[in-house]
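Only heavy atoms go into these numbers, but all of them, side chains included; no hydrogens, no water, no symmetry mates.
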Amino acid sequence: MARVTQFVVSGLLAATLANGQSFDGTSRSEDAFSYIQPKDTTILGPYGHSPAVLPSPNATGSGDWQKAYAKAQQFVAKLTIDEKADMVTGQPGPCVGNIVAIPRLEFPGLCLQDGPLSIRVADYASVFAAGVTVASTWDRSLLYERGYAMGKEFKAKGAHIALSPVAGPLGRSAYAGRNWEGFAADPYLTGVAMEETIRGHQDAGVQATAKHFIGNEQETQRNPTYDTNGTVTDVIQEALSSNIDDRTMHELYLWPFANAVRAQAASFMCAYQRLNGSYACENSKALNGLLKEELGFQGYVMSDWGGTHSGVASIEGGLDMNMPGGLGPYGTIPEAGSFFGKNVTYAVNNGTVDESRVDDMIIRIMTPYYWLGQDKDYPKIDPSSADLNTFSPRSTWLREFNLTGERSRDVRGNHAKLIRKLAAEATVLLKNEKQVLPLKAPKNIAIFGNDAGENTMGAVNQATFEFGNLASGGGSGTGRFTYLVSPLEAIKTRAKEDNALVQYFLNNTQIATENVTDLWVPTTPDVCLVFLKTWAEEGADRESLTVDYNGNEVVASVAKSCNNTVVITHSSGINILPFANHPNVTAILAAHYPGQEAGNSIVDVLYGDINPSGHLPYTIAKNTSDYNAPPTTGVSTNGPDDWQSWFDEKLEIDYRYFDAQNISVQYEFGFGLSYTTFGLSDLTAEPVTDSISSIPEEQPVQPGGNPALWETIYNVTVSVTNSGDVEGGAVPQLYVTFPDSTPQGTPPKQLRGFEKVSLAPGESRTVGFELMRRDLSYWDIVSQKWVIPEGEFVLRVGFSSRDLKEVAKITPVRA
């Protein structure tokens with residue numbers, strides 16, 4: 001096997017292959033992810049190695065950003081070199097991330113705040129439903145409305161930049177600890193969710209941050225292991241390397257981020273882990289080559305907190321802003337200094353870094369600031385944020401911050417109504433035997449499970465909180481609840497209308513080990529409602545796919561005596577449901593993490609005020625062992641680079657894998673029941689033009705890449721009918737099977753369209769799907785282009801990935 005030897009020239013990697021071939025850090029390779037690994041290591045396979053793509057491209061202000069770009073250039077021209085260093089380096093302050101003010105230029109600085117479901121470091125702010133929850137609505141308008149409402153709250157609290165939304169993790173592994181922060185285990189659905197959320201955030205005036213770029217598909221070993229002496233220089237083992245081949249990168253993991261660039265996201269956050277051997281925040285192929293060149297990204301790249309592991313190499317590799325400024329990983333050693341900061345000044349002054357590169361970093365940072373009008377009458381930072389910010393408390397601040405704004409301002413508006421509606425419409429009805437739901441004014445209700453009642457431990461969820469409703473996961477993506485409506489509270493309130501008896505038993509250990517219904521419930525309840533929960537958080541992957549706190553045993557105990565047991569799960573995502581076929585378990589609902597109106601939203605569904613229309617954004621298997629691509633949880637050797645995760649499943653994740661391997665499942669991707677029934681008919685597909693070339697026309701790159709990829713080439717329509725007797729929301733889904741001429745490894749079918757439509761009983765409506773060139777293309781690793789393959793495509797439309805009722809075939813006519 002060949003070996004690679006590295007040496008350093010002005011802080012940049014240069015390498016020579018064993019056969020004499022070399023690159024010096026200035027050439028561009030067309031082979032996206034199969035060149036060499038920038039380490040002294042053995043070449044291990046056909047991928048796992050990133051080429052250098054240098055220098056980092058300058059922004060051009062393309063898209064709608066020309067005027068803002070000109071203002072940013074004028075701003076940068078007035079800066080001293082020390083001020084330039086401040087502009088690209090975070091410092092401790094009142095927000096989770098802070099760029100300090102430059103008073104002489106009347107620049108107030110920048111406030112960056114978590115996160116993807118709430119402005120976390122704040123009081124009197126709403127806690128919205130999680131990404132996995134809103135994805136379950138399959139509703140473009142609700143995705144936008146949530147993004148807009150969140151953006152209004154961030155802005156009203158004085159945050160310029162929202163660290164939201166999430167497309168990484170995408171959902172490669174069912175165990176990944178942060179899947180709930182993202183949307184779906186599918187690039188198309190996640191791409192739509194990213195685009196709608198970003199447009200919502202930015203229409204409200206706050207900058208959106210697409211994260212975590214890229215390959216951030218597990219939490220285990222996401223950061224290096226350091227020597228116990230606590231210094232960041234003594235690395236025992238480097239962070240895990242996500243090794244992804246070129247085609248998989250484009251068709252899966254890069255796909256939703258392309259939507260984010262097309263939506264003109266202000267910023268991207270690079271990930272913690274390594275990518276094909278190089279840290280994601282200094283991987284020039286990913287940041288310069290894919291993001292800034294191929295996708296035409298005009299904004300700035302910030303590091304995840306502590307995700308910067310070099311100075312010059314990161315700057316040249318495409319990183320524009322170092323957050324939070326210290327050297328250590330998130331939450332550790334923030335006082336240790338910075339790879340940027342004064343080092344930027346030194347590097348420019350000694351010629352190691354060209355000042356024009358630093359200028360471009362700041363132009364990228366300031367262009368969206370001007371584009372969104374944040375230089376005019378923007379709200380000041382709420383001082384209460386500083387009091388709640390445990391990451392950089394006041395004792396760590398190196399600069400003074402002018403916190404003169406109104407303290408503890410209430411920014412929630414009427415968002416509770418939206419949160420309640422969204423969470424109800426996101427609820428996925430998995431089982432409903434004999435139409436036991438909606439409830440019909442039951443007089444005797446028994447409630448079971450530690451997820452049903454009040455949180456007894458505080459305003460922010462923690463893994464150790466045994467008792468209380470779970471409405472959000474943990475880590476930087478969580479929210480601080482001003483209030484949380486528990487299911488028990490909401491059911492008791494609703495039951496009063498029917499003068500019903502409500503009994504409740506919240507100790508899971510007791511329920512699982514005793515026959516509670518026989519011992520304590522003298523009369524068999526009309527319905528037994530069992531509330532289960534599953535915790536997930538940043539920094540750790542899930543150890544199991546079962547519900548927490550003996551949840552399966554709780555269901556078995558209740559269902560033994562109650563022949564109308566309804567199970568509701570509040571979970572980060574995938575749970576194996578061994579009770580799914582229990583004859584006394586009559587209904588199952590997956591409510592995920594619904595936010596502050598959790599109880600009200602589930603009551604709206606249980607009683608039929610809202611007809612559930614949620615659909616799964618992932619697959620629920622019959623057995624844990626049926627899932628592929630588990631996290632890499634350990635290595636048997638102690639070499640510094642031994643943490644490697646080979647994405648050998650390539651395009652086969654979630655339903656793509658189950659389809660390719662012909663594995664039966666419990667509930668398939670896209671599945672969801674309703675209180676009514678729907679039919680489909682008259683599927684048609686018409687080309688937009690007389691002929692279609694296999695390769696897109698070369699056009700100047702705009703945000704999102706070559707504009708030709710986003711052009712509609714087929715219009716697909718289908719008639720949807722509500723064949724039941726109540727109003728409901730249908731979600732017809734379009735899946736495409738590619739021709740046999742497509743390269744090996746192409747999934748049997750792929751989601752390429754969906755639309756949610758509300759229908760009255762007996763009503764029919766025609767729904768349209770626009771198939772873009774990208775939707776019918778695969779990434780050709782030889783030509784480095786998107787290619788429409790020769791032959792016949794099969795289009796299928798249905799209500800899940802395995803309930804496909806209508807079929808049409810198309811064969812594009814070649815130009």
Side-chain angles (χ1 to χ4, degrees), residues 132 135-136 169-180 182-190 217-220 242 248 252-253 428-431 532 534-536 541-548 550-553 555-556 567 569 571-582 585 588-590 592 614-634 645-673 733 735 737 745-751 798-804:
V132 67
S136 299
L170 179 67
R172 172 188 183 241
S173 172
Y175 294 86
R178 301 184 79 174
N179 283 350
W180 60 276
F183 295 105
D186 175 81
Y188 185 92
L189 178 52
T190 296
E217 295 297 319
Q218 69 172 67
E219 293 299 282
T220 304
S242 295
T248 300
L252 269 188
Y253 300 104
V428 185
L429 180 62
L430 297 174
K431 183 178 182 180
L532 308 176
T534 305
W535 173 260
D541 294 310
R542 292 171 59 188
E543 296 181 1
S544 137
L545 299 181
T546 60
V547 289
D548 294 344
N550 303 311
N552 292 337
E553 291 76 14
V555 175
V567 179
T569 63
S571 172
S572 60
I574 294 172
N575 289 119
I576 297 297
L577 305 174
F579 48 79
N581 297 318
H582 194 297
V585 175
I588 303 173
L589 301 103
H592 297 107
H615 290 255
L616 289 176
Y618 51 74
T619 299
I620 298 178
K622 291 184 176 181
N623 305 292
T624 299
S625 58
D626 291 340
Y627 289 100
N628 67 337
T632 301
T633 56
S645 181
W646 297 92
F647 287 40
D648 289 333
E649 73 285 346
K650 301 185 185 299
L651 299 175
E652 291 184 8
I653 68 169
D654 200 78
Y655 72 92
R656 300 156 176 251
Y657 168 72
F658 288 98
D659 288 350
Q661 303 302 320
N662 196 27
I663 300 172
S664 63
V665 301
Q666 192 72 61
Y667 300 111
E668 68 269 20
F669 176 86
F671 179 83
L673 300 175
Q733 303 160 33
Y735 294 83
T737 297
T746 302
K749 58 178 175 287
Q750 302 177 71
L751 181 69
F799 297 117
S800 78
S801 61
R802 293 194 173 183
D803 178 25
L804 300 171

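- In this structure, D659 and K749 have side chains that are in contact, with non-hydrogen atoms separated by less than 4.5 Å.
- Checked for salt-bridge contact, R172 and E649 meet the test: a charged N lies under 4.0 Å from a carboxylate O.
- Separation of atoms CG (L429) and NE2 (H615) is listed at 10.0 Å; rounding is to 0.5 Å.
- Judged by distance alone, with hydrogens and angles left aside, the side-chain atoms of E217 form a donor-acceptor pair with the main-chain N or O of G171 at under 3.5 Å.
- Here the side chain of Q733 pairs a donor or acceptor atom with the backbone of F799 at under 3.5 angstrom.
- Of the inter-residue distances, the one linking S173 atom OG with L545 atom CG reads 8.0 Å to the nearest 0.5 angstrom.
- No donor-acceptor pair under 3.5 Å is formed between the side chain of N550 and the backbone N or O of E553.
- When all heavy atoms of R542 and N575 are compared, the pair lying nearest together is NH2-ND2, 3.3 Å.
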- Does the side chain to side chain contact (heavy atoms under 4.5 Å, CB included) test come out yes or no for L751 and Y655, once each step is laid out? CA-CA 10 Å; L751 181 69; Y655 72 92; 3.6 Å; yes

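- Formation of a donor-acceptor pair under 3.5 Å by the D541 side chain with backbone atoms of T220 is found in this model.
- Remark: the backbone N or O of P748 is paired with a side-chain donor or acceptor of T737 at under 3.5 angstrom.
- Counting only distance, with no hydrogens or angles, the side chain of D803 and the backbone of S800 share no donor-acceptor pair below 3.5 Å.
- When all heavy atoms of P747 and R656 are compared, the closest pair comes out as CG-NH1, 3.5 Å.
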- Message: Applying side chain to side chain contact (heavy atoms under 4.5 Å, CB included) to T190 and L170, what does each step give before you reach the verdict?
- Response: CA-CA 8 Å; T190 296; L170 179 67; 3.6 Å; yes

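- When ring centroids are compared, Y253 and F647 come within the 6.0 Å threshold.
- For the atom pair CG (L577) and CG (N552), the distance works out to 8.0 Å, reported to the nearest 0.5 Å.
- Considering every non-hydrogen atom in both K431 and A580, the closest pair reads NZ-O, 2.7 Å.
- When all heavy atoms are compared, the tightest approach of A185 to Y618 is CB-CB, 4.4 Å.
- When side chains are defined from C-beta on, V132 does not count as touching S572, because their heavy atoms never get closer than 4.5 Å.
- At a threshold of 4.5 Å between non-hydrogen side-chain atoms, the residues Y667 and I588 count as touching.
- Atom CD of residue Q666 and atom CG of residue L430 lie 9.0 Å apart, to the nearest 0.5 angstrom.
- No side-chain donor from either of T569 and S571 sits under 3.5 Å from a side-chain acceptor of the other.
- Atom CG in L616 sits 9.0 Å away from atom CZ in F669 (nearest 0.5 Å).
- Nearest heavy atom pair, residue L804 against residue G798, reads CD2-N, 3.6 Å.
- Distance CG/D548 to CG/L532: 9.5 Å, rounded to 0.5 Å.
- The minimum heavy-atom distance between I576 and Y627, with the atom names listed, is CD1-CE1, 3.8 Å.
- Under the 3.5 Å distance criterion, the side-chain polar atoms of N623 are left unmatched by any main-chain donor or acceptor of S625.
- Judged by distance alone, the side chains of E668 and S801 never bring a donor and an acceptor atom under 3.5 Å apart.
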